[in-house]
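Residue indices begin at 1 and follow the sequence shown. Numbering of ligands and ligand atoms starts at 1, following listing order. When reading the values below, keep in mind they use all heavy atoms of this one structure, side chains included, and skip hydrogens, waters and symmetry mates.
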Amino acid sequence: MIDKAKLQIGENSYEFPLIEGTENEIAIDIKTLRSLSNGVITIDAGYKNTGACKSAITFLDGEKGILRYRGYSIEELAEKADFLEVAYLLIFGELPTKEELAQFHLDIKDKAIVDDDVRKIIDAFPKTAHPMGILSSLTSALTAFNPTSVNVDSKEEMYGAIVKIMGKFPVLVAWAMRKINGLPLNYGSNSLGYVENVMSMMFAKPNEEYTINPIVKDALNKLLILHADHEQNCSTSTVRIVGSSHAGLFASLSAGISALWGPLHGGANQAVLEMLEAIKADGGDTKKYMAKAKDKNDPFRLMGFGHRVYKNFDPRAKIIKVAADQVLNDLGINDPILDVAKALEQEALNDPYFVDRKLYPNVDFYSGIIYRAMGIPVEMFTVMFALGRLPGWIAQWREMRLGKEPIGRPRQIYTGETHRGFNNISQR
Ligand code: SDX
């Protein structure tokens with residue numbers, strides 16, 4: 001059993017301990033590298049080979065297409081669990097008993113009122129404001145209404161902050177959507193389940209009784225579970241590094257929302273729908289767009305394809321693809337966009353460029369088709385991703401703070417000018 005790594009730099013050789021995770025992943029612990037080697041560091045653009053932390057929350061194997069939350073497979077959780085149950089599992093590490101889940105939900109409902117002054121902030125946004133910008137701003141603004149910083153060593157205070165954001169975040173999500181739809185801001189009802197309440201807040205019209213469509217509710221429950229965590233992705237790493245400066249939970253989440261907004265990350269689900277619409281408008285010419293995606297001189301990428309970690313099918317994409325078919329069928333919707341998506345997928349799965357680079361559909365490729373079938377505007381798709389990812393971000397922030405992790409501060413290799421004297425403007 002090898003337990004050390006050897007590094008040779010010139011005449012000098014150095015040894016570093018290996019650490020092994022519970023899934024037999026190996027890492028070289030290089031915390032002594034810079035001091036032992038008189039300043040040598042490693043560099044790894046995009047952190048493709050670099051671990052930022054140890055974590056017990058989510059395990060994924062990109063080669064085998066495996067995803068597990070606290071040891072439970074995503075397939076089982078998506079099939080059998082309720083989103084709030086999965087949120088509890090991710091945050092506290094175990095599936096809740098009936099009583100624990102009921103208490104968790106009660107405590108969340110107790111904190112689900114958002115200070116009415118937040119309405120003034122949302123009113124100040126133009127109707128054209130992107131809801132991800134609204135959500136990030138309002139999440140950060142919650143700090144103004146909940147100013148006391150959380151003593152993370154107090155179980156009660158940590159729990160209090162968690163149920164507060166689990167209660168208020170869905171309200172902010174719903175208000176962002178109602179702003180787009182020109183509907184008055186509202187609340188759902190504490191008599192509803194967590195996911196049902198989100199639906200009621202998002203869709204209920206002021207002049208009619210809102211009835212929950214069970215097909216939509218089940219699909220939304222599944223989508224939120226599938227998005228709930230994904231180990232050290234860009235937005236989660238952002239939440240962890242912002243939190244490592246001991247910035248508060250709400251401020252750290254606001255930063256994570258901004259990171260998720262990018263089209264290479266969570267913003268891809270909106271970009272996928274826009275891409276599929278463009279292809280459909282262009283006569284469904286998938287071959288033309290495949291050529292664009294492969295053309296190095298063309299910035300166009302096949303949105304919803306490829307993944308930093310999955311070099312096999314994203315297990316979430318498989319589940320969402322089946323769900324998309326089911327939801328459209330159950331709702332009696334025949335969405336030609338789904339046909340374009342399937343045609344594009346078939347093309348890509350048989351194209352050497354994509355096969356050689358192991359580019360498969362990811363979580364974002366089909367999710368937008370279901371959101372659209374639910375009547376959710378395309379600019380809200382990434383907001384729905386954030387709603388699902390909230391418990392994962394909370395769990396990761398909590399793990400980082402309870403683990404007393406040091407402030408994140410990467411090194412660099414300087415490639416700028418070497419020292420030079422200042423010359424007065426008259427001499428320049
Ligand atoms: C999410 O990390 C996570 O876990 C994220 C996420 C989560 O749950 O948090 O799973 C959610 O962000 C899913 C990904 C959503 N993004 C997209 O769908 C945007 C389109 N995909 C990409 O831009 C890209 O695939 C990334 C960003 C997802 C991954 O990029 P990498 O790992 O940095 O890979 P790369 O850019 O180095 O690409 C490797 C090669 C390149 O070609 P070569 O230089 O080798 O010739 O593959 C090509 C790329 O040009 N490539 C694509 C492509 N994705 C990669 N070519 C065309 N279309 C694409 N979509």
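Taking all atoms of both residues into account, the shortest heavy-atom contact from Trp397 to Val239 is CD1-O, 3.8 Å. The shortest non-hydrogen separation linking Tyr414 to Gln412 is CB-NE2, 3.8 Å.
Protein non-hydrogen atoms do reach within 4.0 Å of atom 55 (C) of ligand 1.
Of the options Tyr310, Phe385, Phe59, Tyr69, a ring pair (Phe, Tyr, Trp, His ring centres under 6.0 Å) to His230 is made by Tyr310 and by none of the others.
For Ser235, no heavy-atom contact with ligand 1 is shorter than 4.0 Å. When heavy-atom distances to ligand 1 are checked against a 4.0 Å cut-off, Leu359 comes that close only through its side chain, counted from C-beta outward. Residue contacts with ligand 1, taken as heavy atom pairs separated by less than 4.0 Å, involve Arg357 solely via side-chain atoms from C-beta onward.
Ser237 contributes a side-chain N or O that, together with a main-chain N or O of Asn233, makes up a donor-acceptor pair within less than 3.5 Å. A distance-only check finds no donor-acceptor pair linking the side chain of Lys404 to the backbone of Met400 [under 3.5 Å]. Remark: the backbone N or O of His227 is paired with a side-chain donor or acceptor of Arg389 at under 3.5 angstrom.
Within the 4.0 Å heavy-atom cutoff, Asn362 counts among the residues contacting ligand 1. At least one heavy atom of Arg316 sits under 4.0 Å from some atom of ligand 1. Residue contacts with ligand 1 include Lys48, since one or more of its heavy atoms lies under 4.0 Å from the ligand. Residue contact annotation: His227 has no non-hydrogen atom under 4.0 Å from ligand 1. The shortest heavy-atom distance from Cys234 to ligand 1 is not under 4.0 Å. Judged by the shortest distance from any of its heavy atoms, Tyr310 lies outside the 4.0 Å radius around the atoms of ligand 1. The closest approach between any non-hydrogen atom of Gly304 and ligand 1 is below 4.0 Å.
Of the protein's non-hydrogen atoms, Asn233 CB, 3.5 Å is the one closest to atom 2 (O) of ligand 1.
One finds no salt bridge joining Lys318 and Glu75 here, because no Lys/Arg side-chain nitrogen approaches an Asp/Glu carboxylate oxygen to under 4.0 Å.
Close approach of ligand 1 to Ala293 is summarised as follows: ligand atoms under 4.0 Å from at least one heavy atom of the residue are 57 (C). For ligand 1, the atoms lying closer than 4.0 Å to a non-hydrogen atom of Lys296 are 42 (O), 43 (P), 44 (O), 46 (O), 50 (O). Every atom of ligand 1 is numbered from 1 in the order shown, and the set under 4.0 Å from a heavy atom of Pro263 is 19 (C).
Both tests hold for Arg357 against Tyr353: distance to the six-membered ring centre under 6.0 Å, angle to the ring axis within 45°.
In the model, Tyr194 has no side-chain atom that pairs as donor or acceptor with a side-chain atom of Asn221 under 3.5 Å. Counting only N and O atoms by type, the side chains of Glu231 and Ser55 include no donor and acceptor under 3.5 Å apart.
The option from Arg389, Lys358, Arg301, Met303 that lies nearest to atom 49 (C) of ligand 1, judged by heavy atoms, is Arg301.
Taking any N or O of Phe305, backbone or side chain, at least one lies under 3.5 Å from an N or O belonging to ligand 1.
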